Q: 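After the C-alpha cells below, expect a handful of questions from me.
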Amino acid sequence: MSSQAHTALGILRWTWRTCFPKCAPVKELARAPLFLLTRPFCSSQLVPPLSTPAQTVPQQRTELTIQSLAEIGFSESQAQLVYEAASKNRCKHDVPVLTVLFSLGLNPSSVLKILEKCPELYSLKESQLQQRVMNLRKLGLLEGCLQRVISHYPKILSFPVKRVNAVSRLLREKCQFTAQQMADILRDSPHVVEEDPARLEYMFQYVYFRMGCRQAEMVKAKLFTLTLEELRCRHSFLERRGLFQTPDKKGQTLVLNPRLKDFLSISQELYLTDVANATQEEFDVFQKLVAREQEEEEQSEEYSSDDYDEDDDDDDDDNEVTKRSFSYKKKTNQRAKNPERN
C-alpha cells in the first residue's frame, strides 16, 4: 500500500471513529454504503444508521496518542508537536479540530501550520467549528477559496458566527457592497472580522466621499488589506503634491487621478517612485507631519467636546449638523483647501 493510500485510510478511520461513533463500529466500515463514505463530513445532517439489529452501540472515545496521530498521516515529529499542543489544551481524547480540518481536504502539514498559527482552535467544540465553516460557505467562500482563507488566516474560525455576520451586514447594508464583493473582501482581507465596525465604516466613507471611489474600485484595490493610517498617508501625500483631487459633484477633476489599485495595491517603494515621484525621506517627513496633525486634532476635539457639554442650548442644532455631514469630511476638506500650510 502506498503512503498516500495509507494516509487516506488512516484519516478515514479517524473520522469514522470521531464523527460517527453511534452509526456503526469500525468493523462495520466495509459494509457501509458508498454514499455514507463520500458525503461531506462537515454536513449538519445526521447520517442514517446501518441496517443492523436494533441495539445500542456504546460511544467510543479515541485516546489521543502519538501513535493515533501518526495513523492519520502526521510524521513522528508532527505528531509530537500536535500531541504536546493538544495536551496543553487538555485534549486527552478526540480533537474535534482535526476532524473538521481533515474533512475540508487539508493535508497533515497544512493542518499543523493552522494549529501553530491559532492554537486556540484546540479548545473549540466540533459543533462550533462546523457551524462557523458552514457560515463562511454561506457568505460566499466556496471550496478551494475556503481552504485558502482558513490556511492563511485560521483565526477566522475562532470568531463566533454573530461577530462575522455583524461585519458582513455592515459591509452589505451600510457600505452597499454586493454579496460577491463581500465574498471577495473576506477572501483578500479575512482580518476584517476582528476590526472595529466603526473604523471599517469610516474607512469606507473616507474613500467613497473624500476620494470619490466606488465599491468595485475598492474591491479591486483590496482596500481593507491596508490600515486606515496607511490609506490616509498615501492619499494625502498625493493630494498635497497636486497628484490627486477630490472629484466635484459631477465626478470631474482638474488633474488625472491615479486609479485606486495603482497606488494602494503596490509596495511603498513602487508607490514613491512610480506614482508619487518622491523620495523616502520626503515621505518620512510627511508622515511625521500627519502624525502631529492628528494629535492636534484629537486635542482640539477634546476641547470642543468640553465646550459642547457646557452649552445645552445648541444641542438640537449640533445634532442636525451631525446627521447631515461627517466630521472627517470637514477636516479633510480644510486640508485640501490649505495644502501649503505644511
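If you're wondering where the values come from, they're calculated on a predicted model, not measured in any experiment.
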Q: Determine, for E143 against R137, whether the closest basic-nitrogen to carboxylate-oxygen distance falls under 4.0 angstrom.
A: yes
Q: Flag the pair E201 and R169 as a salt bridge only when some basic side-chain nitrogen lies within less than 4.0 angstrom of an acidic carboxylate oxygen.
A: no
Q: Without hydrogens or angle criteria, can the side chains of Q294 and E229 be said to hold a donor-acceptor pair below 3.5 Å?
A: no
Q: Is a donor on one side and an acceptor on the other found under 3.5 Å between the side chain of T253 and the backbone of V255?
A: yes
Q: Cut-off 3.5 Å, side chains only: do S168 and N165 have a donor facing an acceptor?
A: no
Q: Assess R214 against Y208: is NZ or CZ under 6.0 Å from the centre of the six-membered ring, and within 45 degrees of the ring's axis?
A: yes
Q: For Q147 and L104, indicate whether the former's side chain and the latter's backbone hold a donor-acceptor pair under 3.5 Å.
A: yes
Q: Within the side chain of K117, is there an N or O that forms a donor-acceptor pair under 3.5 Å with the backbone of S151?
A: yes
Q: Is the F263 to H235 ring centre distance short of 6.0 Å?
A: no
Q: Hey, are R240 and E293 close enough for a salt bridge, meaning a charged N less than 4.0 Å from a carboxylate O?
A: yes
Q: Answer yes if the ring centres of F224 and F204 are under 6.0 angstrom apart, and no otherwise.
A: no
Q: Would you compute the distance between atom CD1 of I114 and atom CD1 of I150 and round it to the nearest 0.5 angstrom?
A: 6.5 Å
Q: Look at the side chain of R163 and the backbone N and O of V193, then say whether any donor-acceptor pair between them is shorter than 3.5 Å.
A: yes
Q: Report the distance from atom OG of S236 to atom CZ of R241, rounding to the nearest 0.5 Å.
A: 13.5 Å
Q: Go through the side-chain N and O atoms of E194 and Y153 and say whether any donor and acceptor fall under 3.5 Å apart.
A: yes
Q: Taking R259 first and then E217, would you say they form a salt bridge - that is, a charged N and a carboxylate O separated by under 4.0 Å?
A: no
